**Q** 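Okay, here's the structure, questions in a sec.
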Amino acid sequence: MEKLMGTVLLMLDGTQITLQIFCVTLAMALPLGLLAALARISKLRPLSLLMELYIWIMRGTPLMLQLLFVYFALPMIGIRLPDIAAALLAFTLNYAAYFAEIFRAGIQSIPRGQYEAAKTLGMSYSQTMRRIIIPQMIRHVLPPISNETINLVKDTSLIYILAMNDLLRVARTIVQREFDMTPFVVAGVFYLAMTFVLTWIFKKLEAHYAKYDK
Amino acid sequence: MQNMINDEDMMLRMHQIHKRFGSLEVLKGIDMEVRRGEVLAVIGPSGSGKSTMLRCLNRLETIDQGSIEIKGEFLAVQNEQGYSEYASAAKCRELLSCMGMVFQQFNLFPHMTVLQNLLEAPVQVKKRSRDEVLPEAEELLRKVGLFDKRDAYPSRLSGGQQQRVAIARALAMQPDIMLFDEPTSALDPELTGEVLKTMRELAAEHMTMVVVTHEMAFAREAAQRVIFMADGSIVEEGEPVEFFQHPKEERTQAFLQNML
């Protein structure tokens with residue numbers, strides 16, 4: 001029992017890194033994803049094409065490769081980032097691309113009549129987006145955003161290749177040292193706990209946004 | 001048309017409007033005028049271009065040729081090459097701000113309550129204070145008989161109620177001209193009456209109105225003038241009594257026979 005407590009305490013430290021990556025990535029990737037979505041549907045063709053390219057690269061290559069690239073390749077061209085910053089950069093760029101596509105689909109699902117009503121009331125493009133389109137879009141995209149967010153919790157385990165002591169790496173270290181599989185089970189329970197909390201939060205959000213529906 | 005019209009009373013004027021969607025010409029030289037306080041009903045078969053004509057008036061569609069005047073100022077004017085040029089963005093915004101529009105599908109903002117729907121544009125666009133607009137908005141809701149629904153979301157309302165809110169929302173911007181694009185076409189028959197009643201009351205207050213409609217009774221009783229469109233052209237126009245009792249053109253006669 002005492003041994004288990006020790007394991008749990010060690011792994012709580014690892015959870016801190018995991019949560020840090022998760023929270024900062026989410027806080028940066030959501031707004032960036034929204035901006036990218038707006039750029040993607042922009043009438044400025046070069047901007048829209050640039051975003052298409054960015055999204056294609058980020059979704060078309062493994063996140064693992066992107067992490068390795070930021071961590072090992074960037075220093076070769078003189079960009080040396082602290083470990084945690086490198087991981088955050090890769091995660092944010094990757095997740096912003098996924099969020100951008102979700103937001104884009106959400107924005108495009110709003111009927112044209114909403115834009116026309118806003119226009120005939122004299123609202124500008126930015127007013128229309130801010131006040132009419134995006135608030136409605138958020139409700140539509142909550143389920144897919146919830147999905148991606150849960151993926152992010154699990155994807156944070158990829159940083160173990162960057163020798164950062166996140167939850168999974170701590171578990172593996174203990175397993176290798178003591179040849180006891182319990183830490184893997186504990187790690188699984190930790191991930192489940194985090195996704196459970198997220199699922200609960202998104203359920204509340206969906207209920208909140210459903211209030212204007214039937 | 002033949003009468004001399006005081007220019008100050010001229011609210012809208014379209015001159016030789018042409019509009020194409022690709023190779024399809026949907027408006028083939030429309031001339032139209034609307035005077036202050038006039039209620040103009042536009043009727044015609046579907047696909048005749050009447051909704052497109054209405055949408056050109058407030059620039060939901062852009063015209064290819066011809067000119068549009070709003071209260072004596074050009075929204076669009078035909079240049080020497082024969083194509084329409086619109087006024088500057090700021091000028092367009094200013095001219096279009098005197099027009100309100102009511103849509104077939106209501107297009108209320110579903111994430112806002114009835115009251116918020118009314119307050120949104122006056123507060124966001126005209127930058128008026130909420131406290132100042134609130135009594136006006138409440139008065140408008142009383143007028144359309146929906147004061148008790150002010151805190152409801154649109155999805156809780158019937159189609160007829162939603163359309164009355166949409167009318168009140170447009171009126172909250174204090175327009176001089178109201179455009180109606182088939183306002184009762186999406187409604188169950190028993191709900192059209194309440195919307196038409198609201199529109200009749202508006203007409204009685206001398207609001208300038210252009211109404212694209214299939215409601216012949218409304219055109220006959222509430223309009224001062226009726227335009228019949230077919231195939232992108234105006235076939236016939238006149239005062240309702242004369243128009244409905246003695247239509248001159250064959251196409252008008254055939255259309256009216258089908259409708260009545």
Side-chain angles (χ1 to χ4, degrees), chain A residues 30-31 34 37-38 41-45 47 102-146 201-214, chain B residues 51 54-55 57-61 89-90 92-114 116-128 151-157 162 165-166 168-175 177-181 186:
Chain A
L30 281 172
L34 184 57
L38 291 171
I41 57 173
S42 156
K43 287 199 182 80
L44 285 173
R45 200 81 184 101
L47 186 62
I102 293 173
F103 287 142
R104 177 177 69 91
I107 289 170
Q108 288 176 338
S109 74
I110 307 296
R112 209 178 56 162
Q114 292 290 307
Y115 292 90
E116 291 186 345
K119 193 176 169 197
T120 57
L121 287 167
M123 297 177 83
S124 65
Y125 177 78
S126 76
Q127 283 172 331
T128 305
M129 282 314 207
R130 209 178 64 240
R131 304 281 310 173
I132 310 299
I133 305 301
I134 291 173
Q136 292 185 60
M137 172 276 280
I138 287 176
R139 197 185 73 85
H140 290 210
V141 300
L142 276 176
I145 291 287
S146 161
I201 291 174
F202 274 98
K203 226 186 237 167
K204 288 278 161 202
L205 278 174
E206 280 181 43
H208 172 77
Y209 278 96
K211 70 178 189 290
Y212 60 79
D213 243 23
K214 297 203 183 9
Chain B
S51 280
L54 193 75
R55 291 164 59 83
L57 278 174
N58 65 356
R59 217 191 169 180
L60 287 180
E61 307 286 354
C92 284
R93 210 173 308 127
E94 181 204 321
L95 291 176
L96 293 174
S97 70
C98 75
M99 272 189 274
M101 178 134 180
V102 174
F103 299 86
Q104 183 176 352
Q105 299 296 341
F106 331 131
N107 296 343
L108 292 178
F109 304 134
H111 59 304
M112 298 181 181
T113 64
V114 164
Q116 286 167 343
N117 264 278
L118 265 70
L119 296 174
E120 180 63 14
V123 171
Q124 297 294 327
V125 178
K126 287 190 171 167
K127 308 288 179 208
R128 299 175 61 198
D151 295 321
Y153 285 93
S155 61
R156 299 271 178 192
L157 306 182
Q162 288 192 48
V165 173
R169 179 178 68 176
L171 290 174
M173 286 299 273
Q174 302 169 320
I177 306 163
M178 285 285 281
L179 309 178
F180 294 84
D181 188 6

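Because the structure is a prediction, the values reported are computed rather than measured.
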**Q** Between B:Arg59, B:Met101, B:Glu120, B:Gln104, which shows the greatest number of heavy-atom pairs under 4.5 Å with chain A?
**A**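 Highest number of pairs under 4.5 Å: B:Glu120.
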**Q** What's the separation between atom CG in B:Leu118 and atom CG in A:Leu121, rounded to the nearest 0.5 Å?
**A**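 Rounded to the nearest 0.5 Å, the CG-CG separation comes out at 9.5 Å.
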**Q** Taking B:Leu108, B:Val102, B:Leu179, B:Leu96 one by one, which has the highest count of heavy-atom pairs under 4.5 Å against chain A?
**A**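 Between B:Leu108, B:Val102, B:Leu179, B:Leu96, the count favours B:Leu108.
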**Q** For atom OH of A:Tyr209, decide whether the heavy atoms of other residues, nucleotides or ligands shown that lie under 6.0 angstrom number more than 12.
**A**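 Counting other residues, nucleotides and ligands, OH of A:Tyr209 stays at 12 neighbours or fewer.
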**Q** Any non-hydrogen side-chain atom of B:Gln124 less than 4.5 Å from a side-chain atom of A:Arg131?
**A**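 With C-beta onward as the side chain, the pair touches.
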**Q** Report which part of A:Gln127 has an atom under 4.5 Å of a heavy atom belonging to chain B: side chain, backbone, both, or neither.
**A**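 Side chain only.
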**Q** Select one option (side chain, backbone, both, neither) describing which atoms of B:Phe109 are under 4.5 Å from chain A's heavy atoms.
**A**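 For B:Phe109, heavy atoms of backbone and side chain both lie under 4.5 Å from chain A.
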**Q** Which atoms form the tightest heavy-atom contact between B:Asn107 and A:Ala117, and what is the distance?
**A**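 Looking at all heavy atoms of both residues, the closest pair is O-CB, 3.5 Å.
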**Q** With a 4.5 Å limit on heavy-atom distance, are the side chains of A:Glu116 and B:Gln105 in contact?
**A**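 SC-SC contact between A:Glu116 and B:Gln105 ruled out.
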**Q** Check whether any side-chain heavy atom of A:Thr120 sits under 4.5 Å from a side-chain heavy atom of B:Leu60, and report yes or no.
**A**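 Yes. Closest side-chain heavy atoms under 4.5 Å.
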**Q** Between B:Arg55 and chain A, which part of the residue has a heavy atom less than 4.5 Å away: side chain, backbone, both or neither?
**A**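 Only the side chain of B:Arg55 comes within 4.5 Å of chain A.
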**Q** Below 4.5 Å from any heavy atom of chain A, which atoms of B:Met99 appear? Answer side chain, backbone, both or neither.
**A**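 Contact with chain A involves the backbone of B:Met99 alone.
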**Q** So with a 6.0 Å cut-off around NZ of A:Lys204, is the heavy-atom count from everything else above 12?
**A**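 Incorrect, the count does not exceed 12.
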**Q** Decide yes or no for B:Pro110 and A:Gln114: does some side-chain heavy atom of the first lie under 4.5 Å from some side-chain heavy atom of the second?
**A**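 SC-SC contact between B:Pro110 and A:Gln114 confirmed.
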